[in-house]
There are 2 protein chains.
Amino acid sequence: MPTIKDISRLTGISVTQVSRALNNHSDVSQATKERVNRVAKEIGYVANRSAQNLVTQKSKSLALILSNLEKSGGRDNIVYSLISGMYHFAESEGYEVVMFTTSSVHQRDKSFVQLCKEQNISGAVVNGLRTDDPYYLELVDSDIPCVLIDSSVKGKETMTISCDNKKAAFDAVNHLIQHNHKNIAVLNGRTEATITADRFQGYVLALTEAGIPLNEKFIHYCDFQEDIAYETTLKIMTESPEITAIFCASDMMAVGALKALRFLEIKVPEQVSLVGFDDIPLAEYLMPPLTTVSQDFYGMGYEAGHQLLKMIRHEAHKNKIILPHKLLERKSVFML
Amino acid sequence: MPTIKDISRLTGISVTQVSRALNNHSDVSQATKERVNRVAKEIGYVANRSAQNLVTQKSKSLALILSNLEKSGGRDNIVYSLISGMYHFAESEGYEVVMFTTSSVHQRDKSFVQLCKEQNISGAVVNGLRTDDPYYLELVDSDIPCVLIDSSVKGKETMTISCDNKKAAFDAVNHLIQHNHKNIAVLNGRTEATITADRFQGYVLALTEAGIPLNEKFIHYCDFQEDIAYETTLKIMTESPEITAIFCASDMMAVGALKALRFLEIKVPEQVSLVGFDDIPLAEYLMPPLTTVSQDFYGMGYEAGHQLLKMIRHEAHKNKIILPHKLLERKSVFML
DNA sequence: TCAAGCGTCCGAAACGTTTCGGAATCAAGT
DNA sequence: ACTTGATTCCGAAACGTTTCGGACGCTTGA
């Protein structure tokens with residue numbers, strides 16, 4: 001591979017000036033710049049990133065830190081959308097993105113901070129980590145700029161990006177109320193997740209605004225998992241057959257609920273209405289097509305990268321960004 | 001960040017020996033190794049990858065080269081499975097994976113080879129590129145080891161990994177024949193793709209073995225796209241209502257076909273049977289659940305990484321690997 | 001004539017690591 | 001006492017880039 005020295009030798013211009021020409025610095029004449037660039041193209045010169053990173057003590061890489069690739073992205077392809085959104089932004093800025101998961105931490109016995117420092121990584125987008133993970137806490141407390149998706153922690157160098165989960169849950173539940181439902185169960189996510197609490201608040205708000213009392217028996221947590229939602233639905237529908245609607249805090253849980261209802265031979269939506277959350281690709285193909293709150297995960301990944309770069313460049317940035325959501329009415333809600 | 005020099009200073013051991021101790025070379029005493037490793041852990045030392053890459057002229061990064069993130073991975077999450085399989089393998093070996101797409105080539109005006117050289121990347125897994133892409137050809141012709149998924153080109157340093165597409169297609173079509181279908185249409189993929197030709201051969205073989213003549217009117221190409229499959233199905237079912245079964249070379253095309261059949265009020269599978277290919281997550285949720293040929297894309301990504309590393313290390317490797325497939329019988333095929 | 005300023009240039013050091021070539025120490029064998 | 005070999009060590013160069021500090025030549029204005 002040709003280096004900057006080759007260009008220097010070929011043109012008779014010093015290495016210093018070649019470097020400055022390539023980087024379009026001001027104190028190099030137009031003529032020199034042109035000559036350098038021409039020769040560079042001719043011999044197929046590409047800058048050696050390792051050398052650049054070494055001397056500048058930084059790199060054009062962003063980290064995408066996830067809990068676990070396989071599991072979380074199984075069928076819903078939320079993580080995939082996040083990846084491709086962030087990737088496309090990074091690409092447009094000439095940045096690389098490198099992924100880390102909790103399993104890489106354990107496999108290599110290094111913390112996220114170490115993993116990042118090792119590669120001179122400039123910043124990280126974080127999604128789906130347990131907020132009590134010590135490595136997570138170390139990361140947000142470090143001097144590495146972080147953009148957190150769907151969770152907020154007061155760290156030195158962090159910002160949060162998410163949709164308005166409370167309002168979104170409110171919209172979903174209110175939609176059910178507008179269809180005259182009163183006995184509305186909720187299948188919520190992992191109790192430790194920030195979004196779980198937010199969405200629960202939306203649920204509560206919608207009910208209380210409508211003057212409907214809360215019923216402990218209708219409130220359940222299913223860890224965002226399809227199979228737990230399945231079991232839970234089986235249980236609550238036999239214990240509380242007065243339920244006429246279920247709000248699921250994720251589409252995958254709605255899928256589990258739907259299967260359970262089908263198993264119990266309860267008609268959806270005629271006997272029980274269903275609202276999901278996320279709008280995963282599956283949602284529109286279910287029978288019936290699922291009414292759900294849509295989130296733009298691709299946009300989230302893209303915007304996360306965008307904000308991260310702003311932080312890295314010390315440009316002004318807000319510390320919280322709210323992305324729009326939308327209630328998608330399909331066929332899983334029935335007017336009583 | 002602490003460096004190797006800090007360890008040297010703290011222990012009074014030369015930089016050379018510290019380096020060799022850290023890398024567990026043979027000509028350093030056990031006592032020294034222990035001391036070095038202890039101090040390294042104490043001060044939280046992590047090796048600087050850039051410096052390592054620079055001096056060794058290689059890196060612990062593998063490339064994953066894709067046609068286009070967004071489009072190809074839209075709903076089927078095949079690409080996601082590939083990514084996570086390859087990622088998990090890389091992770092277990094302490095390697096990074098960096099993704100490139102055709103759009104990165106154009107955005108940065110660099111060929112895949114340049115993109116790889118720039119980062120000292122040791123090898124690449126390639127999926128979904130057009131085989132006539134000049135950058136693709138340059139890549140497989142270069143000295144960079146490549147593992148090609150689902151396509152074969154005689155390059156210097158390449159190997160191919162795929163399922164037995166011909167046999168798989170044969171199995172699918174034969175399954176229809178065993179259910180007494182004779183007028184079997186095929187919705188095939190992009191004409192330039194290697195797998196398209198392979199699957200077509202399987203289709204032909206199944207028919208000829210059963211003594212069923214080929215019918216040009218039953219053979220169509222839909223570029224693996226749902227909407228084209230939709231339009232095509234609309235067309236062929238009105239022009240050739242004698243068709244009782246359709247073999248789709250991808251599940252996404254089967255989804256398109258299914259929508260078209262539903263629009264035409266043709267019952268699946270009672271009036272027309274359907275077999276897909278890939279077993280995407282959607283398949284089992286369709287109405288009726290789709291009978292299809294399953295491929296293990298996660299395993300493909302994992303194995304691709306595995307074989308790539310073998311090539312990089314100059315260990316023995318075959319130049320073609322066939323992964324198993326399986327016909328998954330669900331509810332979209334009807335016995336005539 | 002001199003100083004100041006500008007535009008353009010260059011040498012050399014630095015980044016953190018690996019590795020080549022050589023060397024010191026010690027025990028064992030002659 | 002001398003060689004031999006094994007074991008353990010070290011200095012210095014090298015990888016390709018950026019950048020600091022300085023320098024040269026030219027024009028301009030006093």
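Note on naming: letters A, B, ... go to the chains in the order of the sequence lines (proteins, then strands), and numbering restarts at 1 for each one.
The side chain of A:Val55 has C:dC15 as its nearest neighbour among C:dC10, C:dC15, D:dC15. Comparing D:dG16, D:dT18, C:dT18 by their closest approach to the side chain of B:Asn23 singles out C:dT18.
With a 4.5 Å cut-off on side-chain heavy atoms, B:Leu22 and B:Asn37 count as touching.
Here the CD-CD1 distance, from B:Gln17 to B:Ile7, works out to 13.0 Å after rounding to the nearest 0.5 Å. In this structure, OG1 in B:Thr3 is found 9.5 Å from CG in B:Asn48, a value given to the nearest 0.5 Å.
Contacts of A:Asn53 with the nucleic acid, taken as non-hydrogen atoms under 4.0 Å apart, are absent. When heavy atoms are screened at a 4.0 angstrom cut-off, B:Val28 is found touching the sugar-phosphate backbone but no base atom. Contacts of A:Thr56 with the nucleic acid, taken as non-hydrogen atoms under 4.0 Å apart, involve only primed sugar atoms and P, OP1 or OP2. Counting non-hydrogen atoms under 4.0 angstrom, A:Thr3 reaches the backbone sugars and phosphates but no base. Nucleic acid contact class of A:Ser50 (heavy atoms, under 4.0 Å, all strands): none.
Position along DNA chain D of the nearest nucleotide to B:Gln57 versus B:Ser26 favours B:Ser26 as the more 5'-ward residue. Heavy-atom nearest nucleotides on DNA chain C were determined for B:His25 and for A:Arg20, and the one closer to the 5' end corresponds to A:Arg20. Comparing A:Pro2 and B:Ile13, the nucleotide of DNA chain D nearest to each residue sits closer to the 5' end for B:Ile13.
Aromatic ring pairs are classed by plane angle as parallel below 30°, tilted from 30° to 60° and perpendicular above 60°; the pair B:Tyr298 and B:His88 is tilted.
A donor atom on one side chain and an acceptor atom on the other are found under 3.5 Å apart for B:Tyr136 and B:Ser151.
For a distance-only test at 3.5 Å, the side chain of B:Thr16 qualifies as a donor-acceptor partner of the base of C:dT19. Between the side chain of B:Asp27 and the base of D:dC9, at least one donor-acceptor pair of N or O atoms lies under 3.5 Å.
Whole-Å rounding puts the A:Lys5 NZ to D:dT17 C1' distance at 9 Å. Taking atom CD of A:Gln17 as the reference point, atom C1' of C:dC10 lies 7 Å away to the nearest angstrom.
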